[in-house]
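Right, one structure below, let's go through it.
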Amino acid sequence: MWVLVFFDLPTETKRDRKIASSFRKKLLDDGFAMFQFSIYMRFCASRENAEVHTRRVKINLPPKGKVGIMQITDRQFGMMELFHGKTIAEKEQPVQQLELF
């Protein structure tokens, strides 16, 4: 499973920028990787693990702005087509994550 987090947060004031930066940092600390500036993704070994990370994102939601959370299967993620301009981009291999029980 993949968990994708999409967000559009206000950055008009210094406080807004600090809150947005803190939200991004918390995503990174939880193992998410930046896909695009406001899109972060994380691979999860199971649906249960994806739910754990989804709950963590919900706990850290900022007070303002729009945030979307989506869970997709590894197969659906693999069907994504990526482009750089009009040229199809090579697919990057996901980083292996070690899970300790």
Side-chain angles (χ1 to χ4, degrees):
M1 296 289 301
W2 287 86
V3 178
L4 289 95
V5 178
F6 314 89
F7 56 90
D8 186 15
L9 303 178
T11 56
E12 288 84 33
T13 67
K14 187 174 183 177
R15 184 173 188 279
D16 287 342
R17 287 188 294 276
K18 184 174 181 174
I19 290 170
S21 179
S22 175
F23 181 67
R24 284 192 296 272
K25 185 178 182 318
K26 288 174 185 174
L27 288 173
L28 293 171
D29 289 347
D30 194 30
F32 283 82
M34 186 168 65
F35 182 70
Q36 290 185 355
F37 184 69
S38 293
I39 303 173
Y40 284 69
M41 62 184 186
R42 187 186 200 291
F43 177 76
C44 297
S46 66
R47 183 174 301 277
E48 292 79 16
N49 187 248
E51 288 296 330
V52 167
H53 293 287
T54 298
R55 278 194 300 276
R56 286 184 189 159
V57 172
K58 289 178 181 179
I59 289 169
N60 294 314
L61 287 173
K64 295 189 266 182
K66 296 179 182 179
V67 178
I69 305 169
M70 181 186 334
Q71 295 179 14
I72 61 173
T73 66
D74 194 41
R75 182 170 183 208
Q76 290 168 323
F77 186 83
M79 292 188 303
M80 181 178 7
E81 294 183 273
L82 300 173
F83 295 87
H84 290 207
K86 292 189 177 202
T87 306
I88 194 159
E90 293 290 326
K91 291 187 179 180
E92 295 180 19
Q93 296 298 321
V95 178
Q96 283 290 82
Q97 292 187 340
L98 179 63
E99 288 194 29
L100 301 175
F101 296 92

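Along the sequence shown, residues carry numbers from 1. Only a predicted model underlies this, so the values are computations on that prediction, with no experimental measurement involved.
When every heavy atom of C44 is checked against every heavy atom of H53, the shortest pair comes out as SG-CD2, 3.7 Å. Closest heavy-atom contact between P10 and G65: CD-CA, 3.7 Å. When all heavy atoms of G31 and R42 are compared, the closest pair comes out as O-CG, 3.6 Å. The shortest heavy-atom contact between F32 and V3 is CE2-O, 3.6 Å. Across F83 and K86, no two heavy atoms sit closer than the pair CD2-O, 4.1 Å.
Salt-bridge formation is not detected for the pair D30/K26: no Lys NZ or Arg NE/NH1/NH2 atom is positioned less than 4.0 Å from an Asp or Glu carboxylate oxygen.
Proximity of L4 to F35: side-chain heavy atoms (C-beta onward) are nowhere separated by under 4.5 Å. Under the 4.5 Å side-chain criterion, counting only non-hydrogen atoms from C-beta, R56 is not in contact with D29. Residues R24 and Y40 meet the side-chain proximity criterion, which asks for heavy atoms closer than 4.5 Å. Put simply, the side chain of D16 does not reach to within 4.5 Å of the side chain of L9, judged on heavy atoms.
Between the CD atom in Q76 and the CE atom in M79 there is a gap of 5.5 Å [rounded to 0.5 Å]. Rounded to the nearest 0.5 angstrom, N49 CG and T54 OG1 are separated by 9.5 Å. Taking CE of M1 as the start and CD of E48 as the end, the distance is 9.5 Å to the nearest 0.5 Å. In this structure, CG on L27 lies 11.5 Å from CE on M34, to the nearest 0.5 angstrom. Note that NZ of K66 is 14.5 Å distant from CG of L61, once rounded to the nearest 0.5 Å. Distance check: T87 OG1 to L82 CG gives 12.5 Å after rounding to the nearest 0.5 Å.
Residues I59 and V5 are members of separate hydrophobic clusters, defined by side-chain heavy-atom contacts under 4.5 angstrom among Ile, Leu, Val, Met, Phe, Trp and Tyr.
Classified by interplanar angle (parallel below 30°, tilted 30° to 60°, perpendicular above 60°), the ring pair W2/F43 is perpendicular.
No more than 12 heavy atoms of other residues, nucleotides or ligands sit less than 6.0 Å from atom CZ of F37.
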